[in-house]
Amino acid sequence: MAEVKLAAQVRTEFGKGAARRTRRANLVPAVVYGHGAEPVHVTLPGHELMMALKTANVLIGLEIDGKDALVIPKAVQRNPLKGDIEHVDLLTVKRGEKVNVEIAVHVEGDLAPGGNLLEYVQNTLLVEAEATHIPESVTVSVAGLDAGASVLAKDIPLPKGSVLAGDEDAVVLQVVAAQAEEPAAEGEGAEA
């Protein structure tokens, strides 16, 4: 995974009014925390941050007052109407350090014939991976699966260097039979 570089400025103003002024200047308030250090309140360039966050679990290299910090997004708050980023929590990581992250589950292949439906019980999978080598997603083959079959978290092949961090017996995908609606008996649906 490529590292995205962003320049951050330390924030000295706090509160609703300061946050609104920051957002009007096309900046996003953020907090950098982790490794037992005091949280650092910063502002980040809005457009560059939005582009960086299009990649799930992106690794961001921040420059804060001449010091470099390696971070991953932990929580992103968005405006519910506009979708703009309002605030970001960033977790400090070190190269070689293992972190727990959720990665997307993708499927490939066709189910067994017969009108079966694939149900996603979980869209993501919790894995532990090195901070600089976080996989973007995992791919599961559902070829030939019939109704009643399910895929457990432990059955999903993980990329090299990743281990399952969540419940290994959790159902991720299941195949269900399509239920057809029973036809109405003659005379039931028609009223005179």
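The analysis underlying the following values was restricted to heavy atoms, covering all of them including side chains, and did not include hydrogens, waters or symmetry mates.
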Is there a side-chain contact between [X] and [Y] (heavy atoms, below 4.5 Å)?
X	Y	result
K74	V31	no
T139	I156	no
R23	P29	yes
V151	V171	no
V127	V138	no
Q174	V121	yes
Y120	V107	yes
L158	L164	yes

Heavy-atom neighbours of [X] [atom1] exceed 12 at 6.0 Å:
X	atom1	value
E108	CD	yes
D146	CG	yes
K94	NZ	no
H47	NE2	no

To the nearest 0.5 Å, how far apart are [atom1] in [X] and [atom2] in [Y]?
X	Y	atom1	atom2	value
T132	I72	OG1	CD1	11.0 Å
H87	T22	NE2	OG1	10.0 Å
M50	N26	CE	CG	9.0 Å
L91	L70	CG	CG	10.5 Å
L125	S162	CG	OG	9.5 Å
E128	I134	CD	CD1	11.0 Å

Exercise for the section: Treating Ile, Leu, Val, Met, Phe, Trp and Tyr as nodes and any side-chain heavy-atom pair under 4.5 angstrom as an edge, say whether L53 and L27 lie in one connected cluster. Expected result: no
Exercise for the section: Treating Ile, Leu, Val, Met, Phe, Trp and Tyr as nodes and any side-chain heavy-atom pair under 4.5 angstrom as an edge, say whether V10 and L6 lie in one connected cluster. Expected result: yes
Practice task
Could you list the residues that satisfy ring-ring contact (aromatic ring centres under 6.0 Å, His included) with H106, not counting sequence neighbours?
Solution key: none
Shortest non-hydrogen contact from [X] to [Y]?
X	Y	answer
L44	A8	CD2-CB, 3.5 Å
I103	P135	CG2-O, 3.1 Å
V58	V4	CG2-CG2, 3.7 Å
L59	A131	CD1-O, 3.7 Å

Exercise for the section: Begin from the C-alpha positions of E86 and R20 and carry the test side-chain contact (heavy atoms from CB on, under 4.5 Å) through to its verdict. Expected result: CA-CA 9 Å; E86 290 192 337; R20 286 181 178 156; over 6 Å; no
Exercise for the section: Using side-chain contact (heavy atoms from CB on, under 4.5 Å) as the criterion, list what pairs up with D167, not counting sequence neighbours. Expected result: D169, A170
Handout entry: Pair R21 + E13: basic N to acidic O under 4.0 Å
Key = yes
Exercise for the section: Please lay out, stage by stage, how L173 and L118 fare under the test side-chain contact (heavy atoms from CB on, under 4.5 Å). Expected result: CA-CA 7 Å; L173 303 166; L118 181 65; 4.1 Å; yes
Handout entry: Under 3.5 Å: donor-acceptor pair, side chain of D65, backbone of Q9
Key = no
Handout entry: Flag, side chain of R11 to backbone of A30, donor-acceptor distance under 3.5 Å
Key = yes
Exercise for the section: Step by step, work out the side-chain contact (heavy atoms from CB on, under 4.5 Å) result for L90 and Y33. Expected result: CA-CA 6 Å; L90 302 168; Y33 64 94; over 6 Å; no
Handout entry: Co-members of L117 in a cluster of I, L, V, M, F, W and Y side chains, linked at under 4.5 Å
Key = V176
Exercise for the section: Take L126 and V101 through the side-chain contact (heavy atoms from CB on, under 4.5 Å) test and state the conclusion after the steps. Expected result: CA-CA 6 Å; L126 184 65; V101 293; 5.9 Å; no
